[in-house]
Amino acid sequence: MAEEPVESLSFKLSKGEKIYFASDFHLGTPDRKSSLERELKIVRWLTEISGDAKAIFLVGDLFDFWFEYKHTIPKGFIRFLGKLAELRDRNIPIFFFTGNHDLWMFDYFPSELGIPVYSRPVSFQVNDKNIYVGHGDGLGPGDSFYKFLKGVFSNKLSQWLFHRIHPNTGVGIAKYWSKRSRISSEDQEDQFLGDKEVLLQYCRSVEINNHHDYYIFGHRHLPLETEVTKNSKYFNLGEWVNHFTYLELDENEASLKSFDT
């Protein structure tokens, strides 16, 4: 059963205006030096697109680990967070979707940056196009063990218990776990699996009852553009450890692009 979107949004794009989507920055991995270089590149990208951005969608796993204590957030990422604050001060809408690495995102982004946080896919409209966007983890068939773990990690009691751990210990445990993630150890590009792509299967299950022109997900780490049906496309945003890819949506079409500056 396809998960129902949690909210509807609507945008009207005029000529020259664009909406941007990016995901899987994985800031913090595999080490401080390379993470900082990537952070600076992301800041340059945000600066470049800010001139024509009608909105920016950040679609999960921006951090390789994130957990908000009541008075504490993970150390680092100040250039990235500062850039987001600057863009919001310029009234550019930004929307954040939690991924499997930063699902413990609570009220810091909404209260400090004015950036809403979504934990489930969202359906919205841009001009005459229907868009469906989410991180992508836990969607589609299979992967029952991860879905079980996500349920545990999303449980209020689990979160309350983790809050009781001192940040030095809690963040240390999480960083050790993150080092085992596939983005930290990938040394070659994944292969496109065709009809076996789990998120493509998920898109087709949603499309049966609710038409969308574009389905946009992260999580997969492989930049993809493929048909859901003749009138619908699935895009995967790739990642910023190897590909540095993002999606640009204007008043006419959506296209995957790579940032090389």
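We number each residue from 1, following the sequence as shown.
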Going by atom types alone, do [X] and [Y] pair a side-chain donor with an acceptor below 3.5 Å?
| X | Y | answer |
| --- | --- | --- |
| K257 | T245 | no |
| N130 | Y132 | no |
| H219 | D137 | no |
| E207 | Y215 | yes |
| H212 | S123 | yes |

In one Ile/Leu/Val/Met/Phe/Trp/Tyr side-chain cluster, 4.5 Å: V43, F109: no

Are L36 and F25 connected into the same hydrophobic cluster when the rule is that any two of I, L, V, M, F, W, Y join if their side-chain heavy atoms are below 4.5 Å apart? no

Considering only heavy atoms from C-beta outward, does the side chain of [X] approach that of [Y] to under 4.5 Å?
| X | Y | answer |
| --- | --- | --- |
| F11 | I19 | yes |
| L40 | R79 | yes |
| V133 | Y214 | no |
| D213 | N231 | no |
| V122 | F95 | no |
| W240 | D24 | no |
| K33 | E37 | yes |
| V206 | C203 | no |

Check ion pair [X]-[Y] (N to O, under 4.0 angstrom):
| X | Y | value |
| --- | --- | --- |
| D195 | R204 | yes |
| E17 | K12 | no |
| E227 | K233 | no |
| K18 | D52 | yes |
| R44 | E48 | no |

Taking all non-hydrogen atoms of both residues into account, name the closest pair between [X] and [Y] and its distance.
| X | Y | answer |
| --- | --- | --- |
| S34 | P30 | OG-CD, 3.2 Å |
| H243 | H221 | CD2-O, 3.4 Å |
| S50 | R90 | OG-NH1, 3.4 Å |
| L200 | T226 | CD1-CG2, 4.1 Å |
| L113 | R88 | O-CG, 3.2 Å |
| S23 | V59 | CB-O, 3.3 Å |

Of F96, F124, Y118, Y20, the one forming a ring pair (Phe, Tyr, Trp, His ring centres under 6.0 Å) with F57 is F124

Looking at [atom1] of [X] and [atom2] of [Y], how far apart are the two atoms once the value is rounded to the nearest 0.5 Å?
| X | Y | atom1 | atom2 | result |
| --- | --- | --- | --- | --- |
| I216 | F97 | CD1 | CZ | 9.5 Å |
| L87 | I56 | CG | CD1 | 5.0 Å |
| W45 | R38 | CH2 | CZ | 14.5 Å |
| S232 | N210 | OG | CG | 11.5 Å |
| D61 | H26 | CG | NE2 | 4.0 Å |
| L249 | N127 | CG | CG | 8.0 Å |

Evaluate side-chain contact (heavy atoms from CB on, under 4.5 Å) for L46 paired with I49, printing each intermediate quantity in order. CA-CA 5 Å; L46 288 169; I49 69 172; 4.3 Å; yes

Using modelled atom types only, decide if a donor and an acceptor are shared between the side chain of [X] and the backbone of [Y] within a distance under 3.5 Å.
| X | Y | result |
| --- | --- | --- |
| R220 | E197 | no |
| D107 | P110 | no |
| E239 | V241 | yes |
| N236 | P223 | no |

side-chain contact (heavy atoms from CB on, under 4.5 Å) between N100 and H135, worked out: CA-CA 8 Å; N100 46 301; H135 181 64; 3.1 Å; yes

Kindly determine whether Y202 and F217 satisfy side-chain contact (heavy atoms from CB on, under 4.5 Å), including the steps that lead there. CA-CA 11 Å; Y202 175 77; F217 293 105; 3.8 Å; yes

Think K41 forms a cation-pi with F244, using NZ or CZ under 6.0 Å from the six-ring centre and within 45 degrees of its axis? yes

Pair F77 + F63: ring centers closer than 6.0 Å: yes

Let's go through K83 and I42 carefully: what are the C-alpha distance in whole Å and the side-chain angles of both, what is the deciding distance for side-chain contact (heavy atoms from CB on, under 4.5 Å) to 0.1 Å, and is it a yes or a no? CA-CA 9 Å; K83 190 63 185 182; I42 293 164; over 6 Å; no

